[in-house]
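A short write-up of the structure that comes next.
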Amino acid sequence: MAKPPKSELPSHLPLGEKSEGRFYRKHILSVKQFTRSDVEYIFTIAEEMRTMVERVGTFDLLKGKVLANLFYEPSTRTASSFTAAMERLGGSVIPINEVRYSSVSKGESLPDTVRTLECYSDVIVLRHNETGAAATAAKYLRKPLINAGDGAGEHPTQALLDLFTIKEEIGTIDGLTITMLGDLKYGRTVHSLSRLLQMFNVKVRYVSPELLRVPEHLREELLAGNLPFSEHANLDEVLAESDVLYVTRVQKERFTDMAEYESVKDAYVITPETLTKAKEQMVLMHPLPRVGEISMDVDADPRAAYFRQMEYGMYVRMALLAMVLGKA
Ligand code: CP
């Protein structure tokens, strides 16, 4: 697609020689590294990316730059939205979506694998099954690495897009009651989003089976951060007051005891009947994939935001790529 005329470009998204900025060459490993001002800045850039995509589709902000997309775990949204983000910014992508077809299957270590990809690319996106893998890999790199999910640890770009979704759908974050439902123990998106919410004036309601409650280390962090939260087993206790209902999948792949998984996998299912008890303006979110915890009968309800949420993710990832490569 043709480059847009200069007059259409936001003045602070330079296509020319100007570069750097607060995230230039920085790794994105955890939401703990952000301030509220950082988050608001990312959202400003993401909104501009949305405008540009709607106006021109693809533009050359990252022309000549290469992203290595390295996924040790399956992904549909994160892998493809980072690819789409890079390509809409005019860059290109090395996709390694199945490490078993790479030299990882011959026993190559994570440090050697990322140092190899660094030779061919300007930024690496890494998803890994082990908590802390992104931080470990980053120690070996001179170029920026973005954590696309590390085990049951964090998923910082998902948390940013979740929060961006709330802001775009409701217009504000402060003052809201946000309910998170499902697998709060292993759901890394819940962990990252909870940490981000500490920066805002919100109330959080956690709803889960006893087995899948928020881990103790996160509970202590949230208490220390003065996030007002409460824990429940019954969604009905908090549904009516919720402005956002954030549903998560029970993470089968993290269980060692399948009997335990079976005992909790169908603990909650959101149906049209559930939504009759919710606010008319509530926003229903899910990081996806879903495996039954939101009925497809709910999809047509205007409150169901999970498909829009995926699209917001591309704009946030465009913003992050531009930022770490010094173009925003
Ligand atoms: N939300 C999310 O991380 O989805 P994928 O596993 O498909 O990337």
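Start at 1 and go down the list; that is how both ligands and their atoms are numbered.
- Rounded to the nearest 0.5 angstrom, Met86 CE and Met318 CE are separated by 10.5 Å.
- Contact check on Glu154 versus Lys32 returns no salt bridge, with no Lys/Arg side-chain nitrogen under 4.0 Å from an Asp/Glu carboxylate oxygen.
- A donor-acceptor pair under 3.5 Å links the side-chain atoms of Asp150 to the main chain of Gly132, judged by distance alone.
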Could you go through ligand 1 and note, for every N or O atom, any protein N or O atom closer than 3.5 angstrom, writing the atom names and distance to 0.1 Å, or 'none'?
residue, atom, partner, partner atom, Å
ligand 1, 1 (N), Gln158, OE1, 3.0
ligand 1, 1 (N), Pro287, O, 2.8
ligand 1, 1 (N), Leu288, O, 3.0
ligand 1, 3 (O), Thr78, OG1, 3.0
ligand 1, 3 (O), Arg127, NH2, 2.9
ligand 1, 3 (O), His155, NE2, 3.0
ligand 1, 4 (O), Arg77, NE, 3.1
ligand 1, 4 (O), Leu288, O, 3.3
ligand 1, 6 (O), Arg127, NH1, 2.8
ligand 1, 7 (O), Thr76, N, 2.8
ligand 1, 7 (O), Arg77, N, 2.9
ligand 1, 7 (O), Arg77, NE, 3.2
ligand 1, 7 (O), Arg77, NH2, 3.0
ligand 1, 8 (O), Ser75, OG, 2.6
ligand 1, 8 (O), Thr78, N, 2.9
ligand 1, 8 (O), Thr78, OG1, 2.6
ligand 1, 8 (O), Arg127, NH1, 3.4
ligand 1, 8 (O), Arg127, NH2, 3.2

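- Considering only heavy atoms from C-beta on, Asp299 comes within 4.5 Å of Phe307 through its side chain.
- Inter-residue side-chain proximity for Lys185 and Phe255 is flagged as unmet; no heavy-atom pair is nearer than 4.5 Å.
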Can you give each donor-acceptor pair under 3.5 Å made by side-chain atoms of residues 257-266, sequence neighbours left out, with the distance rounded to 0.1 Å?
residue, atom, partner, partner atom, Å
Asp257, OD1, Ala259, N, 2.9
Asp257, OD1, Glu260, N, 3.4
Ser263, OG, Glu260, O, 2.6

